[in-house]
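Structure first, commentary second.
Each chain gets a letter, A, B and so on, in the order its sequence line appears, and its residues count up from 1.
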Number of protein chains: 2
Amino acid sequence: MKIPPVKGTRDFYPQEMAIHNWIVDGWKRASLRNGFEEYDGPIFEYLQMYQIKSGDEIVEQLFSFKDRGDRDLAIRPEITPTLARMVNQRINTLPKPIKWFSVPRLCRAERPQKGRLREFFQWNIDIIGEDSVLADAEVIFTTVDYLREVGLTPNDIKVKISSRKFLSAVLKKIGISEEKLNSLYGLLDKKTKLPAEAFSEALIQQVGERISEQVISFMGSQSVTSVENIVKPDAGGELDIAIKELEDCASRLGQMGISDYCVFDPGIVRGLAYYTGIVFEVHDIQGDLRAICGGGRFDNLLHDFGGPKITATGMGMGDCVLEILLSEKGLLNQKISARSLDYFVLPVADNLLDDTIKLVAQLRTLGFKTIFSYKSGSLSKQLKTASERNAKYCIIIGDEFKAGDIVLKDMSTGNQKTVPLNEFLANPGKF
Amino acid sequence: MKIPPVKGTRDFYPQEMAIHNWIVDGWKRASLRNGFEEYDGPIFEYLQMYQIKSGDEIVEQLFSFKDRGDRDLAIRPEITPTLARMVNQRINTLPKPIKWFSVPRLCRAERPQKGRLREFFQWNIDIIGEDSVLADAEVIFTTVDYLREVGLTPNDIKVKISSRKFLSAVLKKIGISEEKLNSLYGLLDKKTKLPAEAFSEALIQQVGERISEQVISFMGSQSVTSVENIVKPDAGGELDIAIKELEDCASRLGQMGISDYCVFDPGIVRGLAYYTGIVFEVHDIQGDLRAICGGGRFDNLLHDFGGPKITATGMGMGDCVLEILLSEKGLLNQKISARSLDYFVLPVADNLLDDTIKLVAQLRTLGFKTIFSYKSGSLSKQLKTASERNAKYCIIIGDEFKAGDIVLKDMSTGNQKTVPLNEFLANPGKF
């Protein structure tokens with residue numbers, strides 16, 4: 001009975017697993033050096049968890065099921081609700097600010113397409129309990145710190161930064177009422193994904209022709225201050241504060257040395273419902289791919305999950321788009337080190353297999369990556385296998401073994417020497 | 001709105017995550033040094049995958065659901081069916097023997113209890129395409145190699161070894177028909193979990209009183225050869241071959257240096273339906289816990305999943321029972337290294353925050369784990385925080401900074417010295 005894999009999932013054979021591990025290890029290293037600590041939660045939660053504040057798109061894409069007690073559960077489509085639940089559970093004992101990261105496996109019932117699968121991994125970093133824009137800048141820096149490490153330059157990617165607070169202040173000044181904002185965000189977030197005309201028509205339908213022109217003009221602004229051509233901030237007012245925050249953020253990013261990666265872009269809205277402050281996305285410059293990652297400040301989420309009013313800012317980066325980009329830029333294969341092996345032990349005759357097995361076990365116990373061939377074959381055939389397996393050294397168990405000696409062959413130079421087994425085992429690294 | 005976690009799942013806060021990572025990293029290291037390569041598959045597969053050969057217990061405990069195309073899917077309760085599917089897909093191109101490992105997240109709809117959760121992680125190692133008992137011995141060695149490394153001795157645990165082939169040959173010789181074997185295995189597997197009387201009664205019901213006495217006597221045998229007091233092997237017959245395999249395995253384990261961990265135990269049956277040869281479980285000597293791990297040879301599984309007849313042998317070890325045992329033996333906390341930090345950068349005044357941020361970003365870019373305090377406070381308060389966070393060094397940004405100097409404080413000795421920033425950044429490790 002042959003059963004296929006489910007569409008939109010991936011099989012990680014050793015070669016793909018090596019790439020996957022290389023990506024995840026990089027995420028973890030970048031998180032740790034930026035002071036984030038790792039956490040994780042369950043792969044499923046109560047269905048309700050995802051019906052509170054996740055965007056409509058996510059709710060539609062849940063894999064939900066019932067347990068034997070008829071409770072409604074769902075596989076996690078994102079980890080932020082779990083983060084909110086976990087932090088709330090220990091809100092009084094966790095020292096603030098909380099800087100946590102995670103690399104959850106997530107599932108969404110999407111139609112599989114380029115850069116979107118039904119199962120994927122997502123790097124998440126979050127800072128909870130720090131109001132200042134410095135925290136937003138630190139999240140952006142950590143993101144760039146990783147992307148720069150894997151070889152992406154300001155010629156490959158840009159961090160596009162805006163602010164929900166800024167967007168809301170501008171839209172209200174243009175004449176859009178508070179209640180209409182949320183549904184308008186949904187449309188604005190789709191601007192780059194829709195043809196210009198379709199976007200314009202949908203916008204006119206929502207806000208009328210006059211206002212729609214101002215919105216489109218605003219979304220094309222090149223700098224924070226150029227918005228003043230459209231609306232004037234009142235000193236100390238909502239818009240004034242939002243502008244200062246964006247400028248403060250830009251200045252922090254400058255201090256951190258990553259200005260060349262960052263641009264202001266009022267077209268960045270973010271689909272999720274819970275953002276409240278600075279928001280950002282990283283895009284490839286060619287613009288062929290979906291966003292590589294996105295994030296921002298969400299000041300109400302912990303409260304929405306039954307906790308106190310405490311501010312948070314974070315970022316999520318999936319592995320699918322990233323891997324496509326790295327592959328297109330030629331940054332992937334060259335970085336994955338070939339499978340390594342310390343010793344390949346080979347007997348020249350069947351009656352030496354027992355001694356071979358004994359030596360292999362000893363070397364493994366000492367911590368060396370060691371294998372042997374189950375099928376004894378000619379010396380040259382076994383050496384070929386050892387070479388294919390990328391072994392650093394071969395240990396030949398031959399006639400010398402009766403006298404207690406092994407032959408050690410350096411596979412990079414081809415040099416070989418006879419060594420007493422006892423001396424070798426006492427300090428294998430010496431030889 | 002406060003939503004609790006689902007019962008039987010775990011939240012991994014940073015402290016629990018550190019323990020989890022320590023366990024998983026150990027599994028990975030032991031796998032790699034024993035020549036296994038890592039793979040992984042999707043968290044869900046077609047429901048049917050688990051209805052083919054998994055034991056009844058597993059089928060009952062599936063979390064199943066439908067996708068939007070009305071296909072029946074299930075969260076994986078084990079990874080072996082996925083392994084069979086993946087190997088079959090590339091059976092002609094993968095070099096044999098295939099030695100693979102994985103650390104899948106698995107879910108089973110169990111009643112949560114000590115050592116059994118509804119979500120857990122399981123170390124899996126498998127050797128596919130090697131007939132000889134040497135492969136079974138290598139799987140057992142790799143298992144012990146890990147358990148020994150984490151500090152468990154032959155006084156803590158025992159590997160109990162038997163063989164399905166042996167069991168089947170003995171039972172048939174005692175007079176049990178081939179068809180009855182599978183249902184009998186299910187009962188024999190429960191022997192240690194049931195009260196002696198309940199087991200005996202159930203056994204009598206299945207096979208009658210006379211045979212049941214022989215079965216119980218057989219299951220108490222202390223050695224492979226002592227079974228000859230109950231049934232006599234015919235030279236070259238099924239039982240004779242099975243005995244020779246068990247003896248061969250014991251001899252290999254001796255060569256590998258782990259005889260002191262291993263015992264023969266005909267009471268080991270394994271619950272899963274697909275085992276065909278040598279089977280084993282690791283138990284704590286006190287016998288308070290469920291099996292720490294189990295495994296064995298399954299010669300038909302790949303064929304059952306639509307592939308060729310190719311032999312396989314493997315092992316699965318969950319994290320729950322292992323963690324309880326390690327904790328009870330005091331082998332856990334002392335091994336988890338406290339969270340480490342290279343530098344804690346602290347400004348003595350608010351107006352030095354900009355320079356602090358700049359330096360922090362530079363150190364992180366160089367790969368050092370570096371943090372700073374968002375809240376500027378007194379020097380002594382910040383030093384206390386740095387000490388709590390286990391920082392190796394503090395870098396104090398104070399009055400000297402105007403002259404381009406920093407103060408570097410070694411947190412282990414308390415010594416501090418003034419260093420030019422440029423020299424420090426050119427080679428931080430030197431100071």
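Taking B:R90, B:R68, B:R71 one by one and counting their heavy-atom pairs under 4.5 Å with chain A, the maximum is reached by B:R90. For the options B:A109, B:G254, B:G69, heavy-atom pairs under 4.5 Å to chain A are most numerous at B:A109. By number of non-hydrogen pairs under 4.5 angstrom with chain B, the leading residue of A:Q255, A:H303, A:R148 is A:Q255. Most heavy-atom pairs under 4.5 Å with chain B: of the set A:N34, A:D67, A:T142, this distinction falls to A:N34. Ranked by non-hydrogen atom pairs under 4.5 Å with chain B, the options A:F368, A:Y343, A:Y39 are led by A:Y39. Top candidate by heavy-atom pairs under 4.5 Å with chain B, chosen from A:I371, A:V87, A:T370, is A:T370. Interface summary for chain B: among A:Q48, A:R252, A:E45, A:M86, the most heavy-atom pairs under 4.5 angstrom belong to A:M86.
A:Y13 OH to B:L94 CG: the interatomic distance, rounded to the nearest 0.5 Å, is 6.5 Å. Distance CD1/A:I43 to OG1/B:T9: 11.5 Å, rounded to 0.5 Å. Here A:Q89 contributes atom CD and B:D11 contributes atom CG; the two are 5.0 Å apart, rounded to the nearest 0.5 Å. The line from CZ of B:R118 to CG of A:L73 is 6.5 Å long, rounded to the nearest 0.5 Å. Put simply, CG on B:D354 and CE on A:M256 are 10.5 Å apart, with the number rounded to the nearest 0.5 Å. Note: A:F372 CZ to B:E138 CD = 4.5 Å, rounded to the nearest 0.5 Å.
Other residues, nucleotides and ligands place no more than 12 heavy atoms under 6.0 Å from the NZ atom of B:K7. Remark: B:K66 NZ is packed, more than 12 non-hydrogen atoms of other residues, nucleotides or ligands lying under 6.0 Å away.
Within the 4.5 angstrom heavy-atom criterion, no atom of B:Q15 approaches chain A. With a 4.5 angstrom heavy-atom cutoff, B:D304 touches chain A only via backbone atoms. For A:E130, the part lying under 4.5 angstrom from a heavy atom of chain B is the side chain only. For B:L302, no part sits under 4.5 Å from any heavy atom of chain A, backbone or side chain. For B:E119, the part lying near chain A is the side chain, with the backbone staying farther off; criterion is any non-hydrogen pair under 4.5 Å. Interface residue A:I127: only side-chain heavy atoms are found under 4.5 Å from chain B. Only the side chain of B:N21 comes within contact range of chain A, with at least one heavy atom under 4.5 Å from a heavy atom of that chain. With a threshold of 4.5 angstrom between heavy atoms, B:P14 approaches chain A through its backbone and through its side chain. Both the backbone and the side chain of B:E38 have a heavy atom closer than 4.5 Å to some heavy atom of chain A. Of the two parts of B:A135, the backbone and the side chain both hold a non-hydrogen atom closer than 4.5 Å to a non-hydrogen atom of chain A. For a residue to count as touching a neighbouring chain, one of its non-hydrogen atoms must lie under 4.5 Å from one of that chain's; by this rule A:R29 does not touch chain B.
Shown here for A:Y46 and B:V6, the closest heavy-atom pair between the two residues is N-CG2, 3.6 Å. Listed here is the closest heavy atom pair of A:L32 and B:K369: O-CG, 3.5 Å. Taking both residues in full, the closest heavy atoms of B:P5 and A:R85 are given as CB-NH1, 3.3 Å, listed atom of the first, atom of the second, then distance. Closest approach of B:S64 to A:F65, counting heavy atoms only: O-CB, 3.5 Å.
Without hydrogens or angle criteria, B:Y374 side chain to A:D131 main chain gives no donor-acceptor distance under 3.5 Å.
Between A:D40 and B:R105 there is a salt bridge, since a side-chain N of the basic residue sits under 4.0 Å from a carboxylate O of the acidic one.
Residues of residues 356-365 of chain B lying under 4.5 angstrom from chain A, judged on non-hydrogen atoms, are B:I357, B:K358, B:A361, B:R364, B:T365 in numerical order.
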